[in-house]
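In what follows, residues are counted from 1 in the order of the sequence shown.
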Amino acid sequence: MENLLIMGISTRPMVNSALKLDYNTFSVSYFKTLDFINPFAEKHILHQEDINSNDSFNCGSFEENYSPLKLLKLSEEYIESIDKIVFSTGISADDFTGKFSKFKNKIRGNLKTDNVNDKFKFYNKIKNKFNVPLTFNPSDIYEVIDIATQYTNNQFILKPLKGSGGYGNFVLNNETLTKLKDSNLDSELFDTFDNGNYLMQEYIFGINLSSSLLSTKYESKNIINTRLLTSQDFKYSNVDNTCSDFNNLNFTENDFIYYGNILPLTFDSFSKYNYWFNNLNSIKLNQDSFYKVNEIMKEVSEDLISYFNLIGSNGVDFILSKNALENYSIDINDLYPIEINPRLQGTYESCEQVLGINLLDAHIKACEGELIDIPNIDKSNCIYSVKKIEYANSDIKVKNLKLNNVYDIPYENVKIEKNQPIVTILSADSNLDVAISNLNEASEKVKNNIEEI
């Protein structure tokens with residue numbers, strides 16, 4: 001029996017898939033939660049289980065506690081005996097340097113990802129082939145201000161050059177621009193933009209979408225499309241007043257963090273948590289014409305994955321411009337590819353729920369040259385899966401969160417700091433409204449079982 005090592009921030013979903021396959025499964029991760037099923041062997045960075053002997057255990061800040069190098073060091077006991085290595089979010093082949101570089105041949109996934117992980121390299125590679133937002137890589141704050149001054153008709157978003165999940169993204173509006181101009185008094189803000197480690201990209205108002213694919217060296221296959229949900233979708237989607245000036249929406253830094261998804265992508269799932277549907281009077285895109293969205297996403301995402309020679313499971317994130325909602329149909333220029341995730345994505349469990357496949361097995365087989373058959377989804381067999389990550393709005397202590405539809409459950413009495421994730425909620429049903437209702441019910445129960453401190 002082969003030895004499989006799964007590495008990443010959270011390995012729980014993939015370990016569950018691996019346990020259904022013919023492997024000795026090893027795991028090294030950041031999180032080990034209460035609902036984590038122990039594989040053959042595992043190690044983790046964050047020891048929540050210490051709450052049993054230490055009542056004051058605090059999960060602390062992920063940004064301060066996590067690094068890929070820590071995962072690699074945890075793997076040292078296992079890695080010589082491992083046959084295959086698969087990644088979730090948080091680590092890549094680029095991290096296998098020094099004494100770990102000799103193990104790259106065991107990786108089932110992409111070995112060269114710098115051209116997609118570096119968002120400016122990604123932009124430069126595709127700007128003459130695909131429709132992309134205007135993008136710059138300013139070297140410091142002064143260049144940010146200079147670009148904003150030159151392009152007064154454009155609004156920009158600032159985002160880390162590398163990274164995912166929407167962390168560190170914020171809109172450059174009049175307020176933030178003024179703050180940047182005064183940043184000579186704020187060394188921390190100045191350092192943030194020094195050395196060109198931020199991207200400055202034209203902000204496209206619209207809807208976040210994602211395409212999941214499987215690919216070999218010779219073929220790419222779009223397997224499902226998704227409506228991505230960020231914190232701003234939950235924050236603004238229930239606002240029921242017409243906003244005449246979309247450029248003055250009060251977006252904050254946390255509004256761009258990945259909160260979840262709905263899949264498959266249909267007109268119904270596209271319409272949920274959708275600010276524009278509540279506030280735009282001229283919507284013409286309808287059920288009959290929406291099929292074109294999926295068609296264009298399939299075409300563009302398959303071209304992109306093939307263009308970068310990526311293998312296994314990969315995701316392409318898009319923004320569909322709000323202008324597309326004002327037409328009876330869309331074309332390829334309404335869809336903007338924003339980034340590629342060259343690994344298994346946050347939609348992992350939802351894909352398995354909806355497609356009825358073992359996505360880990362499909363990923364490994366694709367890396368080894370085989371594309372599995374993907375079931376066709378239509379109205380007769382469609383199951384919707386809705387995911388939401390609950391974040392702490394303040395410092396909290398966790399009570400009993402063993403609840404229906406709740407996953408990644410912290411140990412009871414663990415302390416979680418503000419803005420850190422608490423749990424994942426997953427709900428699936430053939431009726432989308434029922435799935436969302438069950439998700440909302442679980443969300444309320446989670447909020448009732450945490451205590452502010």
Is the shortest side-chain heavy-atom distance between [X] and [Y] below 4.5 Å?
| X | Y | result |
| --- | --- | --- |
| S211 | T226 | no |
| K125 | F308 | yes |
| I79 | I85 | yes |
| Y411 | V398 | no |
| P410 | L34 | no |
| L213 | V316 | yes |
| D83 | K106 | no |

Original post:
What residue among N110, N341, V116 forms side chain to side chain contact (heavy atoms under 4.5 Å, CB included) with N314?
Top reply: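 Between N314 and the candidates, side chain to side chain contact (heavy atoms under 4.5 Å, CB included) is satisfied uniquely by N110.
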Subject >> Partner set under side-chain hydrogen bond (donor to acceptor under 3.5 Å, both in side chains) for R12, not counting sequence neighbours >> reply: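 Only E349, D408 meet the side-chain hydrogen bond (donor to acceptor under 3.5 Å, both in side chains) criterion with R12.
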Original post:
Who are the side-chain hydrogen bond (donor to acceptor under 3.5 Å, both in side chains) partners of S101, not counting sequence neighbours?
Top reply: none
Donor-acceptor side-chain pairing of [X] and [Y] below 3.5 angstrom:
| X | Y | answer |
| --- | --- | --- |
| K32 | N38 | yes |
| K112 | N115 | no |
| N261 | Y258 | yes |
| E49 | H44 | yes |
| S443 | N440 | no |
| E202 | T135 | no |
| T216 | E370 | no |
| E42 | S27 | no |
| Y348 | S313 | no |
| Q420 | E63 | yes |
| S61 | E417 | no |
| D35 | T33 | yes |
| S212 | N222 | no |

Output field: ring centroids [X]/[Y] closer than 6.0 Å:
| X | Y | value |
| --- | --- | --- |
| Y123 | F136 | no |
| F120 | F122 | no |
| F40 | Y23 | no |
| Y78 | F26 | yes |

Original post:
So, N381 side chain and N376 main chain: donor-acceptor pair closer than 3.5 Å or not?
Top reply: yes
Original post:
Residues two or more places apart in sequence or in another chain: which of them pass salt bridge (Lys or Arg N to Asp or Glu O under 4.0 Å) with D361?
Top reply: K365
Original post:
Within 45° of the six-membered ring axis of Y391 and under 6.0 Å from that ring's centre, is NZ or CZ of K418 located there?
Top reply: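 No, K418 does not lie over the aromatic ring of Y391.
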Subject >> Nearest-0.5 Å distance, CZ of residue F31 to CD1 of residue I9 >> reply: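 The CD1 atom of I9 is 7.5 Å from CZ of F31, to the nearest 0.5 Å.
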Subject >> Non-neighbouring partners of F62 that pass ring-ring contact (aromatic ring centres under 6.0 Å, His included), sequence neighbours left out >> reply: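 ring-ring contact (aromatic ring centres under 6.0 Å, His included) check on F62 returns Y30, Y66.
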Subject >> Residues F234, Y275; criterion ring-ring contact (aromatic ring centres under 6.0 Å, His included); working and verdict >> reply: CA-CA 9 Å; F234 289 98; Y275 176 88; over 10 Å; no
Scan the side chains in residues 400-407 for donor-acceptor partners under 3.5 Å anywhere in the protein, sequence neighbours excluded, and list what turns up.
unit_1: N400; atom_1: OD1; unit_2: K402; atom_2: N; d: 3.0

Original post:
Y307 vs F130 aromatic rings, parallel, tilted or perpendicular, using cut-offs 30° and 60°?
Top reply: perpendicular
Original post:
Should the ring pair F103 and F100 be called parallel, tilted or perpendicular, given that the plane angle runs from 0 to 90° and is split at 30 and 60?
Top reply: tilted
Subject >> Trace of the side chain to side chain donor-acceptor pair (under 3.5 Å) decision for S385 with Q353 >> reply: CA-CA 7 Å; S385 178; Q353 283 182 322; 2.5 Å; yes
Original post:
Is it the case that more than 12 heavy atoms not belonging to K447 sit under 6.0 Å from its NZ atom?
Top reply: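 Above 12, so yes.
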Subject >> Nearest heavy-atom neighbours spanning C367 and G312 >> reply: SG-CA, 3.6 Å
Original post:
For residues 329-340, which residue pairs qualify under side chain to side chain donor-acceptor pair (under 3.5 Å), counting only residues two or more places apart or in two chains?
Top reply: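 Pairs touching residues 329-340 that pass the test: none.
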**OP:** Take E2 and K84 through the test salt bridge (Lys or Arg N to Asp or Glu O under 4.0 Å) and record every step on the way to the result.
**Re:** CA-CA 8 Å; E2 289 187 306; K84 299 176 182 179; 3.1 Å; yes
